[in-house]
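All heavy atoms count here, side chains included; hydrogens, waters and symmetry mates do not. Everything numeric here is computed off the predicted structure, so don't read it as measured data.
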Amino acid sequence: MDTAILCRNLKKTYDGKVEAVRGLDLEICAGECFGLLGPNGAGKTTTIEILEGLLAPTSGEVEVLGMTWAGHERELRELLGISLQETRLSEKLTVRETLGLFASFYRYPASVPHVLEELSLTEKADAMVGKLSGGQKQRLAVATALVGNPKILFLDEPTTGLDPQSRRQLWDIIRQFQQKRGTVLLTTHYMDEAERLCDRLAIIDYGKIIASGTPEELIAGLSGHHVVEFAIQGGNGAGNDLWARLPGVQKVRSEDGFIALRVDEPHLTIPALLTAVQQQHAQLAHLTTRQASLEDVFVHLTGRHLRED
């Protein structure tokens, strides 16, 4: 497949001592939705800003659509659509005027009425931006990225603040963009979103990629494909060592009064768990079982939940 974004041994150092990005390698294929996940301070934002041409790397190679920012800045600006986590738009303009303004920056923009329709903003076309709800402003921010008719779409947490219906509507827009051979680089704090949308993703921490692959590959890489989560009341104060000895348990994690077990065979673990709770003279206050998810992968690799930041 053609390569849309390529970087090799990418490094960025601030003030000669703070290493935000430390030798990062990345290859994103044309037409795929690629997720870049990482906690705050991991180097994710710095990496994206370098790829977008907003920052110059300290060293390393970056190619976007086979071109470099040093030699093809104007051409690349025409081919990228960028929706930032927080986009400040003039509140005195209408939605239609805002999109018309952004469209005027490009030689071959998309149709403003078509983009309004895609983002379900037609009814708000003549409303002032300052009168929009938070979710409507977020959809308008994505619309400003699409109106330039880009080949690559950078979306930084695009569904933050959206209601569930608007969120799924935006997912459909991303998929439609991909169907036209558009490439998407997505950051999100919603693991279910990354799992549903991303063909591949990379987890970055301390300026390096610590894992990459399809969501299915990353989840399959966990030892223990199921999670049994429970809470107990009373008892003799059993520690994690007791739960770790239960059959099929690969990993134990305690958090906020709950205990999560990563297991291979829950049908063996759960009966043994119930017996152990009874032997501890405790009561089971909570019990759920589910398939392991990207959230579990992230916690396993970084030691914390993505939204904790």
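Summarising the geometry of L273 relative to F230, their closest heavy-atom pair is CD1-CZ, 3.6 Å, with the distance given to 0.1 Å. For I152 against A4, the heavy-atom pair with the smallest separation is CD1-O, 4.0 Å. In plain terms, the two heavy atoms of T269 and P247 that are nearest each other are OG1-O, 2.7 Å.
Taking 4.5 Å as the limit, some side-chain heavy atom of T58 sits within range of a side-chain heavy atom of K12. Looking at heavy atoms from C-beta onward, L155 lies out of side-chain contact with F177 at the 4.5 angstrom threshold. Contact check for E195 versus S293: side-chain heavy atoms found under the 4.5 Å cut-off.
One hydrophobic cluster holds both F102 and L132 under the rule that ILVMFWY side chains link at heavy-atom gaps under 4.5 Å. No path of Ile, Leu, Val, Met, Phe, Trp and Tyr side chains, each step under 4.5 Å between heavy atoms, connects F258 with I270, placing them in separate hydrophobic clusters. By the criterion of side-chain heavy atoms lying less than 4.5 angstrom apart, applied directly or through intervening Ile, Leu, Val, Met, Phe, Trp or Tyr residues, L274 is grouped together with L261 in one hydrophobic cluster. The cluster map of Ile, Leu, Val, Met, Phe, Trp and Tyr, joined by side-chain heavy atoms under 4.5 Å apart, puts L84 and V64 in the same cluster. The hydrophobic clustering, which links ILVMFWY residues whose side-chain heavy atoms are closer than 4.5 Å, places L76 and I48 together.
Remark: the backbone N or O of L51 is paired with a side-chain donor or acceptor of W69 at under 3.5 angstrom. Side-chain atoms of R200 never come within 3.5 Å of backbone atoms of E32 as a donor-acceptor pair (strictly under, hydrogens ignored). No side-chain donor-acceptor contact under 3.5 Å links T159 to the backbone of L162. T187 contributes a side-chain N or O that, together with a main-chain N or O of E157, makes up a donor-acceptor pair within less than 3.5 Å. A donor-acceptor pair under 3.5 Å is absent between the side-chain atoms of Q250 and the main chain of V263, judged by distance alone. Judged purely by atom type and a 3.5 angstrom limit, H226 has no side-chain atom pairing as donor or acceptor with the backbone of E265. Within the 3.5 Å criterion, the main-chain N or O of L119 finds a donor-acceptor partner in the side chain of R139. A donor-acceptor contact shorter than 3.5 Å links the side chain of D199 to the backbone of C33. Side-chain N or O atoms of R22 include one that pairs as donor or acceptor with a backbone N or O of Y206 at under 3.5 Å. Counting only distance, with no hydrogens or angles, the side chain of S83 and the backbone of A145 share no donor-acceptor pair below 3.5 Å.
Checked by atom type, the side-chain pair S120/Q169 shows a donor-acceptor distance below 3.5 Å. No side-chain donor from either of D126 and T94 sits under 3.5 Å from a side-chain acceptor of the other.
Within the model, atoms CD of E295 and CD1 of I219 stand 11.0 Å from one another, a figure rounded to the nearest 0.5 Å. Annotation: the span from I210 atom CD1 to H300 atom NE2 amounts to 9.5 Å, rounded to 0.5 Å.
With respect to the salt-bridge test (charged N to carboxylate O, under 4.0 angstrom), the residues E91 and K131 do not qualify. With salt bridges taken as basic N to acidic carboxylate O contacts below 4.0 Å, one links R167 and E193.
Just one of L37, I203, L201 meets the side chain to side chain contact (heavy atoms under 4.5 Å, CB included) condition when paired with V297; it is I203.
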Report the C-alpha distance between D296 and K251 in whole Å, list the side-chain angles of each, state the deciding distance to 0.1 Å, and finish with yes or no for salt bridge (charged side-chain N to carboxylate O under 4.0 Å, His left out). CA-CA 11 Å; D296 299 301; K251 185 79 173 180; over 6 Å; no
